[in-house]
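Could you have a look at this structure, given as structure tokens, before my questions?
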Amino acid sequence: MSKQEKYVSPEDIYDLQFPSDPQISPDGKKVIFVKKWIHKKEQKYYSNLYSVDTVRGTVVQFTRGEQKDIKPRWNRNGKQLLFIRSTQNKSELLSFYGGLGEPMPLISLEDGDIQDLAFSPDDKWVAVLIQKYDVSGEDRKKEPLKRDIDRLFYRLDGEGFRQKRAVQLFIVKSRGGRLIPITDVPRDVTDFAWNHDGTGIYYVTNDHEDPDRHMDEESIFFYSLKEKRHVRIEKPAGPIGWVQADPEGKYLYFAGHFKPGHSWGAVNSEIQQLHLETGEIHSLTASLDRTTDMVTLGDITPSFVKQKALFQTSEDLLFTVSSEGANPLFKFNILSGEITPLLDGPECVVSFSMSRDGKNIAVHLAQMERPDEIWLLELNSEKHFRRITFLNDEYMSSISCNVPEEYHIPSDNAVIQSWVLKPPGFNSKKKYPLLLQIHGGPRAQYGYTWFHEMQVFAAAGFVVLYTNPQGSQGYGHAFADAITGKWAEPAMNDLMAAVDYILELGFVDPEQCFVTGGSYGGYMTNWVISHTNRFKGAVTQRSICDLSSFFGTSDTGWDLEADFHDVPWKNPELYKKWSPITYADQIDTPLCIIHSENDLRCPVEQAEQLFVRLKYDKKPVRLVLFPEESHGLSRGGRPDRRVERLKLMLEEFRVKS
Ligand SMILES: CC(=O)N[C@@H](C)C(=O)N[C@@H](C)C(=O)O
């Protein structure tokens, strides 16, 4: 088959390679990275470690087998590499010492999960985060007789009922020994960092007396290993993404803000510098008006990756932000306060690590031109950025696909960054069907990633339009906050302005417009079809239709108070006004509702309500449920179900077009 004849298909997820978490050796000579793969027969995801030589480019598989190997971490002299291995029955911290060979277990647990690790500055100790199970062994596989629920935050999407035991911090000698507990806190330790000289560890936990009502009020503590004492670091209330120690020991750095309960992700997470002696806090990134959270969405690129700022030298701190569809890499100079871009092209730095001299930076990079790969930024006399893995080149040379084109579309009070992906062999004289894709979050962004789903629809002959309407992150606080207390407006206006603009270009058939979206994007799909009949068909996925029931049934639904500044029982009219189900009698667009049965973020009752309402009214509606799956079906669900979802959507739109 010639290159021109093969287009992107739903099944191509089996051919794609998924590299992540590149960790460069201290001498800069090699990069260890994680490669996720799909076991087609078992329908499972596994991951192994690979190494790429930064000069020769040779790739060597470091670990093999059907397990999940994650978080490779070098010690400072580059002689030891630790990583976490999860198999069905065990969670292990494994160590390679002095090269390849068989990794040796430092920790091996059957009653818990190891979640994170970090070497102490002198390499003698390793700090680890561990979630111990409430019940272990065979009992874990059995359903309990009953469940006694005594807290608000009792379930988590993708996980299920939450463990009663919290994630705790431990230390272990890097050459092996006893696991020593550091914390015994009632709520999870969510991040930690060794201090500059390894005499203690900073850690983050929520110690609010009512933590579930105040989920975004986290505290930082310092544990002194010598004094065996925990000290709270005073700071105003607010959420914390990560903590990082200063190489000189003068400051503490963390990502966060001080407006808890203010909005659902619209407030930027900024890098805060806390003077350890005076307690003074100063935001390093306020002037950027961007969040340091990685909120770019994709279906093969990971989103919401926690990437700490890293010290390149004792004066220069490197960090990323989400900005206008990209995740640029910036350098902040502590002395001058100057912020310089190191990578600021149309691309997303998903995560990065640095060699000891700070001159070589390994980057997990997402781009629109190709699926994610590992790149190397060399900062010697000249800046040089080059790709060092070519994992998806064979796949890319086997298919024919386009790169999305960017548009900046005027709407009321805003300009909407948008992308149009045209079908292969596009001919501007023809009229194509249009698919409007709406992202979720709402405080997230579409951006510079190779998006499998968009490519599948373009390959099937659709012009795919995707945009970042107001409410998205990446354009400053005011832009993200514009939908607060409303959700549907002004996003609806922006989306329709984008469709109008593309129709004006003349290559779309106005009678053949379709719409889809997931989560908040599903909410907006429901809103769109209950407020206009311009679309010929719609697929709403993992959607929200009733904000009031969402408040009480979503795993963190009560958090909606932060966005609507009220609760449904005190202000039912507000919740009703902004719930698409209120306008269900106005829906005439044929609708397919796709939902996962185990979605705890947007519970399946949202789909059921909408389906029953429309079916009762004899409207054209179809409900497709995916058993066992959670909210993340489209990017992390069982591979055959991911394929089936895409095929189903194609079939829905094809039949109607
Ligand atoms: C914060 C959150 O989970 N919001 C959901 C309602 C949502 O819209 N999620 C998006 C990111 C999705 O695509 O699932």
Side-chain angles (χ1 to χ4, degrees), residues 153 155-159 215-216 239 241 261-267 269 291 293-306 322 325 437-447 449 451-454 466-474 480-481 483-484 486-488 491 495 516-528 539-564 575 578-580 594-596 598-607 610 626 629-637 642 645-646 649:
F153 186 23
R155 291 184 304 174
L156 182 62
D157 182 66
E159 197 175 289
M215 294 213 290
D216 57 358
H262 223 260
S263 65
W264 229 44
V267 179
S269 178
T291 188
D293 292 340
M294 196 292 186
V295 294
T296 312
L297 299 167
D299 58 356
I300 60 158
T301 301
S303 312
F304 308 107
V305 173
K306 178 163 78 183
S322 291
Q437 287 266 7
I438 312 176
H439 77 67
R443 277 50 175 257
Q445 61 172 6
Y446 275 138
T449 72
F451 216 119
H452 177 233
E453 176 167 337
M454 310 298 181
Y466 54 113
T467 72
N468 286 333
Q470 288 177 78
S472 304
Q473 261 290 10
D481 207 33
I483 57 160
T484 298
K486 305 189 280 270
W487 265 30
L495 292 165
T516 191
S519 203
Y520 168 82
Y523 163 93
M524 279 311 298
T525 301
N526 299 337
W527 189 271
V528 166
V539 174
T540 189
Q541 306 172 66
R542 56 184 189 284
S543 85
I544 301 167
C545 66
D546 182 343
L547 291 169
S548 188
S549 68
F550 177 85
F551 191 102
T553 57
S554 165
D555 57 356
T556 53
W558 63 92
D559 218 21
L560 218 51
E561 182 182 2
D563 227 65
F564 285 88
Y575 277 75
W578 296 109
S579 290
I594 296 180
H595 220 101
S596 295
N598 255 347
D599 188 335
L600 302 181
R601 181 59 41 86
C602 299
V604 71
E605 61 90 14
Q606 295 288 321
L610 188 59
F626 283 90
E629 297 299 331
S630 63
H631 194 64
L633 165 69
S634 64
R635 48 233 168 185
R642 283 174 68 176
R645 180 189 72 94
L646 289 170
M649 288 168 72

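Quick note: residue numbers are just sequence positions, from 1. As the structure lists them, so they are numbered: ligands from 1, and atoms in each ligand from 1.
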Under 3.5 Å: N/O of F550 near N/O of ligand 1: no
Between S596 and S630, is there a donor-acceptor pair closer than 3.5 Å when you use the side chain of the first and the backbone of the second? yes
If you count the atoms of ligand 1 from 1 in the order shown, which ones are under 4.0 Å from a heavy atom of Y520? 7 (C), 8 (O)
For atom 6 (C) of ligand 1, what is the closest protein heavy atom, and at what distance to 0.1 Å? S519 OG, 3.0 Å
Over all atoms of both residues, closest heavy-atom pair of R635 and R642: O-NH1, 3.1 Å
Is the closest heavy atom of A444 to ligand 1 under 4.0 Å? no
Between D555 and R155, is there a salt bridge with N-O shorter than 4.0 Å? no
T516 side chain to Q437 side chain, donor-acceptor N/O pair below 3.5 angstrom: no
Does D563 form a salt bridge (Lys or Arg N to Asp or Glu O under 4.0 Å) with K486? I'd like the steps, not just the answer. CA-CA 8 Å; D563 227 65; K486 305 189 280 270; over 6 Å; no
Atoms of ligand 1 less than 4.0 Å from R635 heavy atoms? 12 (C), 13 (O), 14 (O)
For atom 3 (O) of ligand 1, the closest protein heavy atom turns out to be R601 NH1, 2.8 Å
Report the part of R542 (side chain from C-beta onward, or backbone N, CA, C, O) that has a heavy atom under 4.0 Å from ligand 1; answer both or neither where that applies. side chain
Measuring centre to centre across the rings, with the benzene-like ring taken for any Trp, is Y520 within less than 6.0 Å of W487? yes
Can you pull out the closest protein heavy atom to atom 11 (C) of ligand 1? Residue, atom name and distance to 0.1 Å, please. G441 N, 3.6 Å
Is there side-chain contact between V539 and I594, with at least one heavy-atom pair below 4.5 Å? yes
Determine, using heavy atoms of R443 and all atoms of ligand 1, whether some pair is separated by less than 4.0 Å. no
